[in-house]
Amino acid sequence: MRRKIIAGNWKMHKTNSEAIQFVKMLKVKLINFKKTDIVVCPTFTSLSQVSQILDSTNIGVGAQNLHYEDKGAFTGEISAEMLLSAGCEFVIIGHSERRQYFNETDQTVNQKVHKALEKGLKPIVCIGELLEEREDNQTMNVIERQVRALFAGLSEEQASKLVLAYEPVWAIGTGKVASPEQAQEVHAFIRNLMAELYSNNLAQSVRIQYGGSMKAANAKELLSQPDIDGGLIGGACLEPDSFRDLIEVAEGF
Ligand code: 13P
């Protein structure tokens, strides 16, 4: 049985004081949840303080991006070691907003995955098709290209440390959630592809989150699908009660 994993991607929300206040409330509200892996991914500026507040709780901390070089003249970038020193355990890589607005490519995503694993961070790697691609019946081609690229050069042991997040771009921030059948179809496709690339064992152990307008009200149907192992949450993770309610649904599995 794969444990469900729910991660909140805060994107560019919350100042330091808002972040501190939020996680202080969150750790109390989530204290009794034991069956689900829970992660919050604040902005870089509040990672360190958030990690200290959540130290020794059931809530892990992740960053939203990293650079693939160790250090150097890369103004504005953040390295894996900086994230580790700020208390991060996870890092989101290749979110569609980074692919769309910040020129991330399949290749840079792969470089970042390699660096994160080398340094001991757990990557949450995002993939997903655009609306035009879905309408053009290209979904599986796009997903296959992204999945093959992100795993390039990884050993089975390294690959086993990843969490994947299928986020159809048309469902992100739109309120237009993928139907459980649409999501399940892609999740099963990704799992089959992992079996082809590595082994059935690996494919059965790697968790695949769904992301895109997921909230407490639609989580049960999505999480009941056999290949949906959690959620990567945007809007619904920004208020303590909506995030709590969603995790409560995950706890029911
Ligand atoms: P929403 O939940 O706001 O649609 O965002 C999903 C997402 O992009 C999480 O990474």
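When reading the values below, keep in mind they use all heavy atoms of this one structure, side chains included, and skip hydrogens, waters and symmetry mates. In this text, all values refer to a predicted model and were calculated from it rather than measured experimentally.
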Report task. Please answer: with hydrophobic residues joined when any side-chain heavy atoms are less than 4.5 Å apart, are L84 and M82 in the same cluster? Result -> yes

Report task. Decide side chain to side chain donor-acceptor pair (under 3.5 Å) for E69 and S79; before the verdict, give the C-alpha distance in whole Å, the side-chain angles of both, and the deciding distance to 0.1 Å. Result -> CA-CA 7 Å; E69 294 290 351; S79 73; over 6 Å; no

Query raised in the report: Q204 versus R2: any side-chain heavy-atom pair under 4.5 Å?
Result: yes

Requested in this report: Evaluate the criterion side-chain contact (heavy atoms from CB on, under 4.5 Å) for residue pair V113 and L154; output intermediate values, then yes/no.
Outcome: CA-CA 9 Å; V113 170; L154 296 186; 3.8 Å; yes

Query raised in the report: Does a side-chain heavy-atom distance below 4.5 Å link L162 with L164?
Result: yes

Requested in this report: Can you see which heavy atom on C126 is nearest to which on L232, and at what distance?
Outcome: SG-CD2, 3.7 Å

Query raised in the report: For R3, does its backbone N or O pair with a side-chain atom of D37 as donor and acceptor, under 3.5 Å?
Result: no

Query - Linked, directly or transitively: I5 and I127 (ILVMFWY side chains, under 4.5 Å) - result: no

Query raised in the report: Just wondering, more than 12 heavy atoms not from N201 lying within 6.0 Å of its CG?
Result: no

Query - Test item: Y210 side-chain N/O and P180 main-chain N/O as donor-acceptor pair under 3.5 Å - result: no

Query raised in the report: Taking the side chain from Q182 and the backbone from S179, do they hold a donor-acceptor pair closer than 3.5 Å?
Result: yes

Query raised in the report: Should L30 and F90 be counted in the same cluster of Ile, Leu, Val, Met, Phe, Trp and Tyr side chains packed under 4.5 Å apart?
Result: no

Requested in this report: Dump the intermediate steps for salt bridge (charged side-chain N to carboxylate O under 4.0 Å, His left out) on E104 and K112, then the final yes or no.
Outcome: CA-CA 10 Å; E104 294 236 354; K112 290 178 179 200; 2.5 Å; yes

Query raised in the report: Any chance CD of E118 has more than 12 other-residue heavy atoms, nucleotides or ligands included, within less than 6.0 Å?
Result: yes

Report summary line: Heavy-atom closest pair (V50 atom, P42 atom, distance to 0.1 Å) is CG1-CG, 3.9 Å

Query raised in the report: Are I143 and T139 close enough that some pair of their side-chain heavy atoms sits under 4.5 Å apart?
Result: yes

Query - Whether R191 side chain and A203 backbone form a donor-acceptor pair below 3.5 Å - result: yes

Report summary line: The reported gap from CE in M194 to CZ in F189 (rounded to nearest 0.5 angstrom) is 11.5 Å

Report task. Please report the C-alpha distance between D70 and K115 in whole Å, then the side-chain angles of each, then the deciding distance to 0.1 Å, and finally whether the salt bridge (charged side-chain N to carboxylate O under 4.0 Å, His left out) criterion is met. Result -> CA-CA 8 Å; D70 285 337; K115 184 53 69 179; 2.8 Å; yes

Report summary line: For K176 and W170, the nearest pair of non-hydrogen atoms, with its separation, is O-CZ3, 3.8 Å

Query - Side-chain donor/acceptor of S213 to backbone N/O of I172, under 3.5 Å - result: no

Report summary line: The reported gap from CG in N65 to CD1 in I92 (rounded to nearest 0.5 angstrom) is 9.5 Å

Requested in this report: I would like to know whether F151 and V125 meet side-chain contact (heavy atoms from CB on, under 4.5 Å); could you show each step before the answer?
Outcome: CA-CA 10 Å; F151 280 112; V125 192; over 6 Å; no

Report task. May I have the step-by-step check of salt bridge (charged side-chain N to carboxylate O under 4.0 Å, His left out) for D241 and K29, ending in yes or no? Result -> CA-CA 8 Å; D241 285 329; K29 286 182 187 281; 2.9 Å; yes

Query raised in the report: Quick one: does L121's side chain get under 4.5 Å of L66's, heavy atoms only?
Result: yes

Requested in this report: List the steps, then state whether side-chain contact (heavy atoms from CB on, under 4.5 Å) holds for I190 with Y166.
Outcome: CA-CA 9 Å; I190 296 167; Y166 168 57; 4.1 Å; yes

**Report entry** Side-chain donor/acceptor of E251 to backbone N/O of K34, under 3.5 Å
**Finding:** yes

Requested in this report: Compare all side-chain heavy atoms of E89 with those of V39 and state whether any distance is below 4.5 angstrom.
Outcome: no

Query raised in the report: What distance separates K119 NZ from L117 CG, expressed to the nearest 0.5 Å?
Result: 12.5 Å

Query raised in the report: Out of E129, E135, E133, which one pairs with L131 under the side chain to side chain contact (heavy atoms under 4.5 Å, CB included) rule?
Result: E135

Query raised in the report: Within the distance-only criterion (no hydrogens, no angle test), does the side chain of R98 pair as donor or acceptor with the backbone N or O of I93 below 3.5 angstrom?
Result: no

Query raised in the report: In this structure, are over 12 heavy atoms from other groups packed under 6.0 Å from E81 atom CD?
Result: no

Query raised in the report: How long is the span from the CG atom in N32 to the CZ atom in R244, to the nearest 0.5 Å?
Result: 9.5 Å

Query raised in the report: Taking the side chain as C-beta and beyond, is there a heavy-atom pair between N218 and V177 under 4.5 Å?
Result: yes

Requested in this report: Output the distance between atom CD1 (I38) and atom NZ (K27), rounded to the nearest 0.5 Å.
Outcome: 14.0 Å

Report task. Evaluate side chain to side chain donor-acceptor pair (under 3.5 Å) for E144 paired with N141, printing each intermediate quantity in order. Result -> CA-CA 5 Å; E144 177 163 2; N141 290 338; over 6 Å; no

Requested in this report: Report the C-alpha distance between R134 and V186 in whole Å, list the side-chain angles of each, state the deciding distance to 0.1 Å, and finish with yes or no for side-chain contact (heavy atoms from CB on, under 4.5 Å).
Outcome: CA-CA 11 Å; R134 175 159 285 266; V186 178; 3.8 Å; yes

Query - K35 NZ/CZ over F253 ring centroid, <6.0 Å and within 45° of normal - result: no

Report task. Would you mind reporting whether T57 and L54 have side-chain heavy atoms less than 4.5 Å apart? Result -> yes

Query raised in the report: Judged by atom type as modelled, is there a donor-acceptor pair below 3.5 Å linking the side chain of Q64 to the main-chain atoms of V91?
Result: no

**Report entry** Taking every non-hydrogen atom, the tightest pair across A149 and N110
**Finding:** O-ND2, 3.1 Å

Query raised in the report: What heavy-atom pair brings Q100 and V169 nearest, and what distance separates the two atoms?
Result: OE1-CG1, 4.3 Å

Query raised in the report: Does the distance from a Lys or Arg side-chain N to an Asp or Glu carboxylate O, for E77 and K71, drop under 4.0 Å?
Result: no

**Report entry** Same cluster (ILVMFWY, side-chain, under 4.5 Å), L202 and V147
**Finding:** yes

Query - Test item: side-chain donor near acceptor, S96 and E167, under 3.5 Å - result: no

Report task. To the nearest 0.5 angstrom, please state how far the NZ atom of K11 sits from the NE2 atom of H95. Result -> 4.0 Å

Query raised in the report: Do the side chains of V206 and I124 join up, straight or via other hydrophobic residues, at under 4.5 Å, putting them in one cluster?
Result: no

Report task. Check whether any side-chain heavy atom of S46 sits under 4.5 Å from a side-chain heavy atom of K14, and report yes or no. Result -> no

Report task. Give a yes or no answer on whether the side chain of R207 reaches the backbone of V163 with a donor-acceptor pair at less than 3.5 Å. Result -> no

Report task. Search all heavy atoms of C88 against all heavy atoms of G62 and return the closest pair with its distance. Result -> SG-C, 4.0 Å

**Report entry** Backbone N/O of G231 and side chain of Q209: donor-acceptor pair under 3.5 Å
**Finding:** yes

